[in-house]
Amino acid sequence: MGIEQRYKTVHRQVAECAIDCGRSPEAVQLIAVSKTVGLEGVQEAVEGGCTVFGENRPDQIMEKYAAFPDVQWHFIGNIQSRRIRDIVPCATMIHSLNHMDHAEKIGRVAQELGKVQDVLVEVNVSGEETKSGIAPDDAVEFVQRACAVAGLRVRGLMTMAPQGDPEAARAAFRGLAALADEIRGQLTAPEAMAFDQLSMGMSEDWPLAIAEGATMVRIGRAIFSENFHE
Ligand SMILES: *Cc1c(COP(=O)(O)O)cnc(C)c1O
């Protein structure tokens, strides 16, 4: 099976899983994380019907956005301040906001470009030291401050679950969903309305994430790697 076929399979599985969980297939967006492949790999996924991609490096999102400007590019990687000017013009959504300085710079750059940048706030729900993201206890205040930054629209939360431990992953997804509900309750009505996205779940654990309310799953290896088996 090639990338085109694997994309189609995963896309179908995501829709079926949503239905099994009593949700609409349209409620869960599949983001194909193409960071391990080049333009040919992206082309194969496009041929399979893929319209939404994720990248974690500024150089990669710039190159791929230039080659494929008609699909969506989501930035899911570590943000460096000096690369924000490169990322914002390409990104439909930035999933990994976790510093207020970055929020302000993203907002400034977006305003210069005449756009409003959709962002998600990355939360380290599991508390693993190796993971980035703000602490859950700081999330309400962080989101409220980010909502006040001109040029930004805060759309929800993102997390990376612990790998290799389904119970721990599920707990992290459940925790992120509960935190998002709590935050939404503290926002003004227009901010709460926009705050409707939960980016969680990767190749190993996306069905659990959908069961816990993911609206975006970020799937790389299951689509782009020949050797991935659940
Ligand atoms: C690489 C990556 C993914 C995809 O991971 P897979 O295990 O390959 O599905 C998802 N989210 C982020 C932030 C990543 O860096």
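Note that ligands are numbered from 1 as they come in the structure, with each ligand's atoms numbered from 1 the same way.
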> ligand 1: which residues have a non-hydrogen atom closer than 4.0 Å?
Replying inline: V33, K35, I76, M160, M202, S203, R218, I219, G220, R221
>> Taking NE2 in H11 as the centre, count heavy atoms belonging to other residues, nucleotides or ligands within less than 6.0 Å. Is the count above 12?
In response: no
>> Show, in sequence, the C-alpha distance, side-chain angles and deciding distance for L97 and F142, and conclude whether the side chain to side chain contact (heavy atoms under 4.5 Å, CB included) test is met.
In response: CA-CA 10 Å; L97 178 64; F142 186 97; 4.1 Å; yes
> Taking the inter-plane angle between the rings of W73 and F68 on a 0 to 90° scale, is it parallel (under 30°), tilted (30 to 60°) or perpendicular (over 60°)?
Replying inline: tilted
> Can you list the steps and then say if E122 with S96 is a side-chain hydrogen bond (donor to acceptor under 3.5 Å, both in side chains)?
Replying inline: CA-CA 5 Å; E122 181 177 8; S96 40; 5.0 Å; no
> Can a donor-acceptor pair be found between the side chains of T130 and E128 at a distance below 3.5 Å?
Replying inline: no
>> So that I can tick it off, tell me whether R83 and D59 are bridged by a salt bridge, with the cut-off set at under 4.0 angstrom between side-chain N and carboxylate O.
In response: yes
